[in-house]
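Within every chain, numbering begins at 1; the chains are lettered A, B, ... in the order of the sequence lines, protein sequences first and strands thereafter.
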Amino acid sequence: MLDPKCLRGDLLATAANLARRGFVLDVAYVEKIEERRKQLQIEADRLRAQRNAGAKAVGNAKSKGEDVAPLLAQAQEWGAQLAQAEGALEALQNELTQLQMGVPNLLHESVPDGRDEHSNLEVRRWGAPRQFEFEPKDHVAVGEPLGMDFESAGKISGARFVVMGGALARLHRALIQFMLDTHTRDHGYKEMYVPYLVTEQTLTGTGQLPKFKQDLFSIEGEHPLYLIPTAEVPVTNLVRDQILAPESLPLKFTAHTPCFRSEAGAHGKDTRGMIRQHQFEKVELVHIVRPDSSYAALEELTAHAEAILKALQLPYRVLALCAGDVGFGSAKTYDLEVWLPSQRKYREISSCSNCESFQARRMQARWRNPATGKPELVHTLNGSGVAIGRALVAILENYQQADGGVSVPEVLLPYMGGVTRLTAG
RNA sequence: GGAAGCGUGGCCGAGCGGUUGAAGGCACUAGUCUUGAAAACUAGCAACGGGGCGACUCGUUCGUGAGUUCGAAUCUCACCGCUUCCA
């Protein structure tokens, strides 16, 4: 959610920034509704002050033993007027809130122009794609003989799920362990275990609701709950409705969770294999920081995700997303893309975003600024550190051997119980 | 599954229909004292929204929502959370 002041004072500047994303802000409509809001609010406040004064007068008269009947009649009348004004204000406020909840974050000035992913800016590359002396297979062809089973998954749950067995399942788990250990041991993160089912309010705090309901799985019940699409949601909401002490910042959390996405609107995209699943694992990184250090934190967080790919010896590149490709709640995003030999392309494996105060405002997550003594909104950042399923895909493809086996990356060996190589059978 | 109790400011905790935004304490900030610090004493100290260039001013907020009332932290109902007891 934007600062409401952005929808008042410099409305044109706000609209111009949003236009870079391709978001059209109806300036005339906002001006009209804001003008009316102001009128109604002033009127309601005036009537309420009048009502309060009337009620107080009744109390005074009563304590003196005077006749209160005429005062009561007047107070009743004022109360009725107030109720009407409040009703009108509330209706308008709801309309305004609905509008505000649908407006994306303002972009940071360093975000490159562009309408879609074709305009993303490559910032750097690491590692050289391996030269194969044979035609590299894709991760499905490599994985299926090793225990990657889409047929069973289809029987149990339908499309976009996977079953894995044996050493392959272990490798998948090893990735989780390795990433959590690296981030907690080397990068100063606190490991968190969090719920996978969350409330509507929680998802509203991080910006998935109300606008992106179609991307979420929900469960029926007395109170509806949603399956998390990313650990960003429960972890970031840890600081909701909090006023944090300045010395407690920055907070750096990491969590491993499964993620659930309906992938509505992705029909026909990445239908083969594990690239795009309804359920996948991810190790997430979240920073809660002072506003003046959030861009330094974005670089730091991105470097932490990169460290995982470096340790796994997976070639990757870093992109600064262009204006049209930056997500709803983010002011600036770096994507990490890992090399997939079968596609001869880099594919997204991590997305690191600075949401500035966008989520903090929805969550009322604040810190007490010692300079002012006042509570101020924190900045929140999140990034995958990294996606487990896609890391597994990248390993199968990049570490495959001519005989169909896959060697285990060195840093994962401590987690593999003596398995150094995955082989069929 | 049944019964009782509790949710108040950054934290603890009083208040249980009328000038209470809310006693007291802790924490915090400033001052006095001190070479300095601590202690003691004195003072200040909630958040959010609106209006005004501004001094300032109006309003909202005592788990959440609805209701009763001229007026609700205080009464009623529902919901959420926590605690205790019984099966």
Item to check | Chi angles and distances behind the side chain to side chain donor-acceptor pair (under 3.5 Å) call for A:Gln364, A:Asp241 | outcome: CA-CA 5 Å; A:Gln364 282 304 295; A:Asp241 294 323; over 6 Å; no
Next on the checklist: Using the C1' atom as the point on both nucleotides, what is the distance between B:rU29 and B:rC62, in whole Å?
Outcome noted: 26 Å
Checklist entry - OP1 or OP2 of B:rU60 sitting under 4.0 Å from any side-chain N/O of A:Asn52? => result yes
Checklist outcome for this item: Sequence neighbours excluded, the answer for salt bridge (Lys or Arg N to Asp or Glu O under 4.0 Å) partners of A:Arg368 is none
Next on the checklist: Please give me every residue in residues 361-381 of chain A whose heavy atoms get under 4.0 Å of an atom in RNA chain B, ordered by residue number.
Outcome noted: A:Arg366, A:Arg368, A:Lys374, A:Pro375
Next on the checklist: Roughly how many Å apart are B:rA66 and B:rU74, using the P atom of each and rounding to a whole number?
Outcome noted: 14 Å
Item to check | Closest to the A:Arg48 side chain, choosing from B:rC70, B:rG49, B:rG59 | outcome: B:rG59
Next on the checklist: Measuring only the C1' atom in each nucleotide, how far is B:rC45 from B:rA37? A whole number of Å is fine.
Outcome noted: 24 Å
Item to check | side-chain hydrogen bond (donor to acceptor under 3.5 Å, both in side chains) pairs, two or more places apart, involving residues 190-199 of chain A | outcome: A:Thr199-A:Thr202
Item to check | Touch class at under 4.0 angstrom, heavy-atom based, for A:Asn60 against every strand present | outcome: base
Item to check | Test salt bridge (Lys or Arg N to Asp or Glu O under 4.0 Å) applied to A:Glu284 - qualifying residues, sequence neighbours left out | outcome: A:Lys282
Next on the checklist: Under the rule for side chain to side chain contact (heavy atoms under 4.5 Å, CB included), what residues qualify as partners of A:Ser342, not counting sequence neighbours?
Outcome noted: A:Asp138, A:Glu397
Item to check | Distance-only polar pair, side chains of A:Gln39 and A:Glu43, donor-acceptor under 3.5 Å | outcome: no
Checklist outcome for this item: Residues at least two apart in sequence or cross-chain that pass salt bridge (Lys or Arg N to Asp or Glu O under 4.0 Å) with A:Asp45, listed by chain then number, are A:Arg48
Next on the checklist: Taking B:rG13 as the reference, what is the distance to B:rG18 when you measure between their C1' atoms (whole Å, please)?
Outcome noted: 24 Å
Next on the checklist: In whole Å, measure the gap between the P atoms of B:rA46 and B:rU69 for me.
Outcome noted: 35 Å
Checklist entry - With both distances under 3.5 angstrom, what nucleotide forms a Watson-Crick or G-U wobble pair with B:rG18? => result B:rC70
Checklist outcome for this item: Winner on side-chain proximity to A:Ala55, out of B:rU60, B:rG51, B:rG71, is B:rG71
Checklist entry - What residues form a side chain to side chain contact (heavy atoms under 4.5 Å, CB included) with A:Ser293, not counting sequence neighbours? => result A:Val289, A:Arg290
Next on the checklist: Using a 4.0 Å heavy-atom cut-off, does A:Ala75 contact any base of the nucleic acid, only the sugar-phosphate backbone, or nothing at all?
Outcome noted: sugar-phosphate
Checklist entry - Counting any heavy atom closer than 4.0 Å, what does A:Arg46 reach on the DNA or RNA strands: base, sugar-phosphate only, or nothing? => result nothing
Checklist entry - Do the side-chain N or O atoms of A:Lys56 get closer than 4.0 angstrom to the phosphate oxygens (OP1, OP2) of B:rC70? => result no
Item to check | Interatomic distance at P, B:rG9 relative to B:rG65, whole Å | outcome: 15 Å
Item to check | Residue whose closest nucleotide on RNA chain B lies nearer the 5' end, A:Ala49 versus A:Ile42 | outcome: A:Ile42
Just the table, please: protein N/O against nucleotides 78-81 of chain B N/O, every pair under 3.5 Å.
| unit_1 | atom_1 | unit_2 | atom_2 | d |
| --- | --- | --- | --- | --- |
| B:rC79 | O3' | A:His223 | NE2 | 3.3 |
| B:rC80 | OP1 | A:His223 | NE2 | 2.7 |

Next on the checklist: Could you check whether atom CD of A:Glu299 has more than 12 heavy atoms from other residues, nucleotides or ligands sitting under 6.0 Å from it?
Outcome noted: yes
Checklist entry - Quick one: the side chain of A:Lys62 and the base of B:rG18, do they pair up donor-acceptor inside 3.5 Å? => result yes
Checklist entry - Taking only residues two or more places apart in sequence, or in another chain, which ones meet A:Asn52 in a side chain to side chain donor-acceptor pair (under 3.5 Å)? => result none
Checklist entry - If we call it a pair only when both distances are under 3.5 Å in a Watson-Crick or G-U wobble match, what pairs with B:rG44? => result B:rC28
Checklist entry - Of all residues at least two apart in sequence or in a different chain, which pass the side chain to side chain contact (heavy atoms under 4.5 Å, CB included) check with A:Val194? => result A:Met192, A:Pro234, A:Val235, A:Thr257
Item to check | Under 3.5 Å donor-acceptor, A:His183 side chain and A:Tyr189 backbone | outcome: no
Checklist entry - If you measure from the P atom in B:rG25 to the same atom in B:rU19, how many Å do you get, rounded? => result 22 Å
Check the interface with nucleotides 61-69 of chain B: list each N/O to N/O pair with the protein under 3.5 Å, or write none.
none

Checklist entry - Taking a pair as Watson-Crick or G-U wobble with both distances under 3.5 Å, which nucleotide is matched to B:rG36? => result none
Item to check | Mate of B:rC85 where both pairing distances stay under 3.5 Å, Watson-Crick or G-U | outcome: B:rG2
Next on the checklist: Taking salt bridge (Lys or Arg N to Asp or Glu O under 4.0 Å) as the definition, give me every residue that meets it alongside A:Asp113, ordered by chain and number, with sequence neighbours left out.
Outcome noted: A:Arg20
Checklist outcome for this item: 5'-most contact on RNA chain B (nearest-nucleotide basis), A:Gly54 vs A:Pro4, goes to A:Pro4
